[in-house]
Amino acid sequence: MAGVSLPSAENLLSKRVQEMVVNGEQPPHLYICRDDGDEADHQDVAASQLASIPIIDLGVVSESTTNKHVDELNKLHSALSSWGCFQAIGHGISSAFLDSIRQVAKEFFEQPMESKTKYAKGVDEVQGYGADPVPEEGQPLDWSDRLFLDVYPLHKRQPRFWPQTPTSFRYILEEYTVKMKTFTEVVSKAMAKSLKLEEDCFLDQFGERAELQARFNYYSCCERPDLVLGLKPHADGTGYTIILQDDVQSLQVSKDGHWFTVPTISNALLVLLGDQMEIMTNGIYKSPLHRVLSNSKKERLSLVMSYSPESNKEIGPEERLINEETPRVYRNVKNYGATHMEHYQRGQRALRSIRV
Ligand SMILES: O=C(O)CCC(=O)C(=O)O
Ligand SMILES: [Fe+2]
């Protein structure tokens, strides 16, 4: 239609999804990423099969050599080599504390827009309140808003983006960060032991200043879940990602070419492998594609903690996992996060670019 120009991605991303929903606006064209011709995908969603992702008790994993401990490590090996994720329980973080972080996150997003935009990021920045940076032309936008904060190491923090309301937000996030540092030590050691490697080998690759980034995701209701996704399919560029879900089942992981819905378990943390652990394990453990559906009736909140090797540190497949039968799959890399982001913005997988 001559004379009618559609808003650009920059324009759309300068506005929050939550704002569009409050104003009763329909999803604009750039949010549409599933079309009616995509029938296989629709059938898949309709079937919405629950993923039988193993539940791993970290308390049992950390015990000394009992039979149960060995069984749990075998279960972990099977989970990460097939699904690329597992549900962690027995992590020592109380349900009350998990509820309190869900609560402050909810209170943050439920505030009026002007209270949140104090922490707004520019459309091409990463930290702050907003959306992912503007993707390449042709890539769809996501029906979600997020608050993205670097939490560790401390010099990466940008306190101006840390909400002052609700008042306990900063304190609770601080405490969660401390708990996540312990959690990642336990999980990284368990992953090493499950591959019969020296228990500190992955921690050494991550480095002492391994990075933690918190992403609070808010998925507003969407009138067209058949056309719009909360988050488009992607794999994470992290070492691994720790996801705290609420009770809305919308996260899906891909396995053998099919989408499966991740069950919500209130006291579990979902550990999802990222590309950098796939590299370190020489492809034995998988970094799965995942996506978030939109939902016409319920909002959803998640808190995603990304755990990645310290910047400028070279990482690569563990030597003991390379041999004649299983040759090296990936090259050594540095600053993989940036490579991942470039590919993500184009809708591509970065891992392919570093295959041997
Ligand atoms: O919201 C979720 O459960 C997953 C979010 C996610 O995949 C991400 O932030 O990378
Ligand atoms: Fe992700």
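Just so it is clear, the structure is predicted and the values come from calculations on it, not from any experiment. First listed ligand is number 1; within each ligand, the first listed atom is number 1. Because only heavy atoms are used, hydrogens play no part in the values below, and waters and symmetry mates are left out as well, while side chains stay in.
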**Study point:** Region of Leu272 that comes within reach of ligand 1 [heavy atoms, distance under 4.0 Å]
**Key:** neither
Exercise for review: Examine Tyr129 together with Phe216 and report whether their ring centres are nearer than 6.0 Å.
Suggested key: no
Review point. Is a salt bridge present between Arg300 and Asp247, judged by a nitrogen-to-oxygen distance below 4.0 Å?
Key: no
Revision key, fill the gap. Between His234 atom NE2 and His290 atom NE2, the angle centred on the Fe ion (ligand 2) rounds (to 10°) to 90°
Check your understanding: So does Arg209 have more than 12 non-hydrogen atoms from other groups sitting under 6.0 Å from CZ?
Key -> no
Practice item. Determine whether any heavy atom of Arg291 lies closer than 4.0 Å to an atom of ligand 1. Key: no
Check your understanding: atom 10 (O) of ligand 1: which of Arg215, Lys232, Arg300 has the nearest heavy atom?
Key -> Arg215
Review point. When only distance counts, is Gln245 in polar contact with ligand 1, meaning an N/O pair under 3.5 Å?
Key: no
Check your understanding: Which one holds for Arg146 and ligand 1: side chain close, backbone close, both close, or neither close, with close meaning a heavy atom under 4.0 Å?
Key -> side chain
Exercise for review: Measure the distances from the heavy atoms of His290 to every atom of ligand 1 and state whether one is below 4.0 angstrom.
Suggested key: yes
Practice item. Could you tell me whether Leu231 approaches ligand 1 through its side chain, its backbone, both or neither, with non-hydrogen atoms closer than 4.0 Å? Key: side chain
Check your understanding: Tell me, do Val329 and Arg355 make a side-chain contact under 4.5 Å, heavy atoms counted?
Key -> yes
**Study point:** Lys232/Asp142 salt bridge by N-O under 4.0 Å criterion
**Key:** yes
Point to revise | Close aromatic pair by centroid cut-off 6.0 Å: Trp83 and Phe260 | key: yes
Revision key, fill the gap. Answer key: the N, O or S atom of Asp236 nearest to the Fe ion (ligand 2) is OD1
Revision key, fill the gap. Near Ser302 (heavy-atom distance under 4.0 Å), the atoms of ligand 1 are 1 (O), 2 (C), 3 (O)
List the atom pairs, with distances to 0.1 Å, where a side-chain N or O of residues 13-22 and a protein N or O form a donor-acceptor pair under 3.5 Å, not counting sequence neighbours.
from: Ser14; atom 1: OG; to: Asn11; atom 2: O; distance (Å): 2.6
from: Lys15; atom 1: NZ; to: Glu25; atom 2: OE1; distance (Å): 3.1
from: Lys15; atom 1: NZ; to: Glu25; atom 2: OE2; distance (Å): 3.2
from: Arg16; atom 1: NE; to: Asp145; atom 2: OD1; distance (Å): 3.0
from: Arg16; atom 1: NH1; to: Leu13; atom 2: O; distance (Å): 3.4
from: Arg16; atom 1: NH2; to: Leu13; atom 2: O; distance (Å): 3.4
from: Gln18; atom 1: OE1; to: Lys116; atom 2: NZ; distance (Å): 2.9
from: Gln18; atom 1: NE2; to: Phe109; atom 2: O; distance (Å): 2.8
from: Glu19; atom 1: OE1; to: Arg16; atom 2: N; distance (Å): 3.2

**Study point:** Residue Asn217 vicinity, atoms of ligand 1 by number, heavy atom under 4.0 Å
**Key:** 1 (O), 5 (C), 9 (O)
Practice item. Scan side-chain atoms only and decide if Tyr307 and Gln213 contain a donor-acceptor pair under the 3.5 Å cut-off. Key: no
